[in-house]
Structure formats: structure tokens, C-alpha cells
2 protein chains.
Amino acid sequence: MAGDEEQVFRNFLARKGRRWTPERKAVLREVFAHHDHFDAEELHRRLRARGLTVSRASVYRTLGLLVESGLVAEVFVEDGHMHYEHVYGHEQHSHLRCLGCRRVIEFRDEALPGVEARLAAAHHFQVTGHKLEVYGWCAACQGKEG
Amino acid sequence: MAGDEEQVFRNFLARKGRRWTPERKAVLREVFAHHDHFDAEELHRRLRARGLTVSRASVYRTLGLLVESGLVAEVFVEDGHMHYEHVYGHEQHSHLRCLGCRRVIEFRDEALPGVEARLAAAHHFQVTGHKLEVYGWCAACQGKEG
DNA sequence: ATTTTTATTGAGACTCTATATCATTATTTT
DNA sequence: AAAATAATGATATAGAGTCTCAATAAAAAT
């Protein structure tokens, strides 16, 4: 449900004996205000641009909690740092990346749930998620670079 | 074929107008001397322990070339830095990771080639590879942490 | 073989991401 | 309202990875 993420995060915090603060609220809102991938510094900049004063330290700390809560996911490392996306309220999806233009296409494939199920059974794992990234060259970039 | 990696790397370098040097040879050998995952600093330390003097800069540079050549793959980020594995001569595989004990289990799943093929067709991509990581809690770690 | 061209190396400086420290402040509990 | 304790922000610190550049070495040209 849209908008529900605040309640989910508050429940998560309460369960862990952590507190609900204005800073965490500001970060949560900013994270769910856009649908693009983002990184920690960009998030910090956007908050400041809105006139919200949340320190870098708190941005990083809150981001960690959001990932732990499952509301946000680490997507991939690019340019030497992590990139994220919010996942709550969105179907699980994977990423197809072009090695040339670095464009990212989201996709869903019906085979993945089966992979998870087989692994859970074979290794007695309680599988909580997966991260799949397929890479190659998009139509426009094929032929470039050797 | 085992041992072939040197020829593959030399061909790769030649094709790009890059040179075959003692430093690159030392790095290549060390990378293929073990079957575990490793990181750049560890690789550098192992080379020094063998009495081979290859600078950090050259280790990082060579690692980049090895990844580009396809002989080595970036596996995952842990503890804030990248971890690698050599892949030449090994069947493509994915990783199942326990969030508790951090154990990594390699696996192969017959569904992945199909996923690649579908994406290639649907998006006119020339798919060169994928990275799949499934995570959760192993039998021993289930119940730990909330 | 010698010379020329040019990629590579190593040392260290540097950038940047991310975390740790800690006194102060704010939230929650009692 | 007071006590307990988690969170914040400013800054320091750690660590990964890249860049610079003079010196060197590999490959190509002669």
C-alpha cells in the first residue's frame, strides 16, 4: 500500500527498541519521494535542498536501517559507491545493465521464484531475497568497444 | 583448460595494445593459485608474502584488466570493499549467502540461461553475463537476530 | 642490434565513501 | 517530572581505490 512505509518503518524501529525521530522521518520521505536509483550523498543533498537539516552521519545511519528493514535495497555499486532503491510497494525486480551507456532496465522474470524455492529446499535456507543483475550491450551500444 | 588463462590474458592484452609484464604475470598466477574469493588488498599481501614486489597500484590496475578480460569476476561487496573470484575454467555459478554467519554457498541453476535468452530477445541485448546472489538464513542461523 | 615509441611501474599523494567518537540533545519509560 | 538511554551533529578517522609523474621497460621500427 502506498504511504504505508512509514508505519512499516516505525514498527521495525519499535521492534528493535530504536526511536522514531524527525531526521528518520525526513530521510524516509525523501527516499520514497522519487522512483529512481539514488546514492547516500545525493539523498543528503536533496534533503538539504529542501531545507531539512539532516547530517550526513544520520543519512548513512538511517539508510542502513532502511535496508535492514527491507524497505530499501542495495542495488549495485557504480563509480565506487553503493546505489539504492526503495522496494516497498514494488514488485521484486532485477536489473539489466548496458556496459556501454550504463543504462539500466528493470525486468521481472518468472523463473526467479522457482530458483529461490529450489535453494531453500536444497540447503534448508530461509531465503529472504535475491539480487540479480544481467549485463551486456544494448542494441545501440553493440559494436562499440572490444 | 587449466593453465590456459595466461594465454587468454596475453591475447586479451595484445588485442588492446597493452603489454605483458612480469607484474601482470605475478598477479595472474596468484589469482589462479587459490580457489577462494579474495579482495585486492589480500591479493597484494599474498604477493608480497611470496617475495614478489608488485605495487598496490599495479595490483588494482591488473585486477581491472582481469575483470575486463572476463577471467575474473566481481562477486560481491562485503565490509565496504569488492571481492573477486577467478572464473576461467569454472562453470558459471551463483552465490547463496547466509546473512547470519556470512557463509557463501556456490550453486548452479538451470533456469538462468533461459533468463538470459529471454532478455536478449526482448531487449535486443547482447548479454555477456549475470550476477545472481540469493540471501537468507542458513539452517544453523535461523532464529538468530530479528 | 639499436633506436624510437609508448605503455607500465612504483611511490606517494589524494579523493571519496563510510564509519567511529563523543558531548549534547531528544525520545521514551518509569 | 525525572531517569534512562538512544539519536544527533560535528568532526575525526579509516579504508578503498585512483591519480600523478618521473623513471623504466616492453614492443615496434629502423
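Below, chain A is the first sequence line, B the second, and so on; all start at residue 1. Nothing here was measured: the structure is a model prediction, and the numbers come from that model.
- The salt bridge (Lys or Arg N to Asp or Glu O under 4.0 Å) check on A:E106 picks up nothing, with sequence neighbours excluded.
- Between the P atom of C:dT28 and the CZ atom of A:R24 lies a distance of 10 Å, rounded to the nearest Å.
- Other residues sharing a hydrophobic cluster with A:I105 under the 4.5 Å side-chain heavy-atom criterion for ILVMFWY residues are A:L96, A:F107, A:L112, A:V115, A:L119, A:F125, A:V127, A:L132, A:V134, B:L96, B:I105, B:F107, B:L112, B:V115, B:L119, B:F125, B:V127, B:L132, B:V134.
- Between B:L43 and B:R46, some side-chain heavy-atom pair lies under the 4.5 Å cut-off.
- Counting to the nearest Å, the P atom of D:dT8 and the NE2 atom of A:H44 are 13 Å from each other.
- The stretch residues 38-73 of chain B participates, sequence neighbours left out, in these ring pair (Phe, Tyr, Trp, His ring centres under 6.0 Å) pairs: B:F38-B:Y84.
- Partners of B:R103 under the salt bridge (Lys or Arg N to Asp or Glu O under 4.0 Å) rule, at least two apart in sequence or in another chain, do not exist in this structure.
- Clustering of Ile, Leu, Val, Met, Phe, Trp and Tyr side chains at separations under 4.5 Å places A:F76 together with A:V75, A:V104.
- At least one side-chain heavy atom of B:E85 sits less than 4.5 Å from a side-chain heavy atom of B:H95.
- Computed from coordinates, the B:E74 CD to D:dA16 P distance equals 15 Å when rounded to whole Å.
- Evaluation of the salt bridge (Lys or Arg N to Asp or Glu O under 4.0 Å) test over residues 52-61 of chain A, restricted to residues two or more places apart or in two chains, returns A:E41-A:R56.
- To the nearest 0.5 Å, the span separating OG on B:S69 from CG on B:N11 amounts to 10.5 Å.
- Among residues at least two apart or in separate chains, salt bridge (Lys or Arg N to Asp or Glu O under 4.0 Å) pairs with a member in residues 110-123 of chain B are A:D109-B:R118.
- Across its full length, the helix from C:dA1-D:dT30 to C:dT30-D:dA1 shows an angle of 40° between the axes of its 5 terminal pairs at either end, rounded to 10 degrees.
- The CD atom of A:E23 sits 11 Å away from the P atom of D:dA7 (whole-angstrom rounding).
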Using a 4.0 Å heavy-atom cut-off to protein, can you give one letter per nucleotide of nucleotides 25-30 of chain D, 5' to 3': B if the base is in contact, S if only the sugar-phosphate is, - if neither? BBS---
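- Taking the six-membered ring where the residue is Trp, B:H35 and B:H86 present perpendicular rings, their angle passing 60° and hence far from 30°.
- Whole-Å rounding puts the B:K25 NZ to C:dA7 P distance at 23 Å.
- Taking a 4.0 Å limit (strictly below) on heavy-atom distances, residues 52-67 of chain A reaches DNA chain D at A:T53, A:V54, A:S55, A:S58, A:R61.
- For the pair B:L13 CG and C:dT6 P, the computed distance is 19 Å after rounding to whole Å.
- In the region residues 76-85 of chain A, proximity to DNA chain D at under 4.0 angstrom, judged on heavy atoms, holds for none of the residues.
- Here A:H124 pairs with nothing under the ring pair (Phe, Tyr, Trp, His ring centres under 6.0 Å) rule; sequence neighbours left out.
- At distances below 3.5 Å, at least one donor-acceptor pair connects side-chain atoms of A:T62 with backbone N or O atoms of A:S58.
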